[in-house]
Engineer: 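Attaching a single structure in structure tokens format; questions to follow.
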Amino acid sequence: MFGEAPDNKLVARALAGSNSAWNKLIKRYERRVYNYALRMVGNPDDAQDMMQEVFMGVHRNLPGYRGDGVFAAWLFRIASFRCTDFLRRRRFHSSFDEADGDRISPNEPALEAMATHANEQISRALLDLPVEQRHVVELKFFQHFTFEDIANQLGISPNTAKTRLYAALKKLKSHEELRDAM
Amino acid sequence: MRCEDARFRLFDYVDHTLADRERADLDEHLDTCSSCRSDLESLSDLSLQAKVWHDLPAPRWQPPRVGSGFDSSGLQQWFPSLASALALILVAGLYLQPTQNGLPAPGNSGQTMAGTQLPGNTMPVSARADALRISNRLERQQELQALVQLLRAEMDRRNEETEESLRYVIAHQLQGQQEIDDLYQYIRKVSLDITPEQEQM
């Protein structure tokens, strides 16, 4: 009877000046975005920074949201863009230290802060993937988007998304730590 | 069905979005292909492993407020880039400004960075968070120094090119002048050789 207001209603109310609606929208998604960021960047500090960047991006772009699609897909399009940008910036700053700029060296203390052994193993396996493949795995298996949504969010074709997922699958298949997670 | 065709259908197979006929074809292929069967198992495993992830609570943070305004004009979207560009121009200008001995004055730029980089409390939270996060002061200073060096190298190169071009033009002008002088002397000599009688004719 008193179900939660749908996203689009909250967006409309936030745009009309309701702080309460805007905060509800953030509360609804911040945990999901934070965990997405955690898996993508591999440590809580960067994940918090990225989560903030995502919501700043949402705040800036909300007037442009037409409401003709699923709000979560729109939000994660911004998140994907912010994440790519974030990792590119981090890669730029650490490019002199890392042999392979495409991958992130797992930061041991940060991984230990992942709360559970399973989280730690999953993070370790994901961080071993190139960023493009990690993105597709994240959006498909953790966010449960369709390939059309993923393609739209990453600006690639659905077939490219499938190819990346397949390549990731081959790599993860041999990842023993991932088996330990279960 | 070939393995290449089966691979892409595996994802839809797991999602139960394949048409009955396609599903039957894939089942038939999976019965005979151990490699694709193994891929399907991995896919199912990965799907299960994703479910094992234990969501962590988001840390406390200060989200932007509606009161700070949803600006549909787009100015707000461009403001950070515009501010960065202006800061860059300002710092580059200070670096390029020569001192009495002709060298740049790093002290000046240091003061400017210290004065402009840290946003004041009057700035909105979003701008402060953006500014603090993007990079630390030292990194930015190093990037700017590299940029200034690049600009200087480019300016030097262009100056050299301009100087070379001017030298070429002046050399040709001098050569042309010499030819005109020679021609003038020749005409003068020829005209002097003409006798008064010939001139009257």
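All of these numbers come straight from a predicted model, not from anything done at the bench. Chain naming here is simple, since letters A, B, ... match the order of the sequence lines and numbering starts at 1 in each.
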Engineer: Identify the two heavy atoms, one from B:D39 and one from A:K170, that lie closest to each other, and give their separation to 0.1 Å.
Structural biologist: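 Closest approach of B:D39 to A:K170, heavy atoms only: OD1-NZ, 3.1 Å.
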
Engineer: Between B:D45 and A:K173, is the salt bridge (charged side-chain N to carboxylate O under 4.0 Å, His left out) condition met? List the steps.
Structural biologist: CA-CA 9 Å; B:D45 283 352; A:K173 202 171 174 179; over 6 Å; no

Engineer: Within residues 11-25 of chain B, which residues come under 4.5 Å of chain A, heavy atom to heavy atom?
Structural biologist: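 Within residues 11-25 of chain B, near chain A: B:F11, B:D12, B:D15.
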
Engineer: Does atom OH of A:Y166 have more than 12 heavy-atom neighbours from other groups under 6.0 Å away?
Structural biologist: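 Correct, the count exceeds 12.
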
Engineer: For residues A:Q48 and B:R60, report the shortest heavy-atom separation together with the two atoms involved.
Structural biologist: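 Result for this residue pair: NE2-O, 3.5 Å.
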
Engineer: Walk me through it: do B:D55 and A:F142 pass the test side-chain contact (heavy atoms from CB on, under 4.5 Å)?
Structural biologist: CA-CA 11 Å; B:D55 263 1; A:F142 292 89; over 6 Å; no

Engineer: Using a cut-off of under 4.5 Å for heavy-atom pairs, which of B:S38, B:A58, B:S47 has the most such pairs with chain A?
Structural biologist: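 Greatest number of close heavy-atom pairs with chain A: B:A58.
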
Engineer: Sort by residue number and list every residue of residues 25-37 of chain A having at least one heavy atom under 4.5 Å from chain B.
Structural biologist: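 Only A:I26, A:E30, A:R31, A:Y34, A:N35 of residues 25-37 of chain A have a heavy atom under 4.5 Å from chain B.
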
Engineer: Can you name the nearest heavy-atom pair linking B:V52 to A:A118, along with the distance?
Structural biologist: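 Minimum heavy-atom contact is CG1-CB, 3.3 Å.
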
Engineer: If you measure from CG on B:L56 to CG on A:N119, what distance do you get to the nearest 0.5 Å?
Structural biologist: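 It comes to 5.5 Å.
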
Engineer: Relative to chain B, which segment of A:T146 carries a heavy atom at a distance below 4.5 Å: side chain, backbone, both, or neither?
Structural biologist: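 Nothing of A:T146, per the 4.5 Å heavy-atom cut-off to chain B.
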
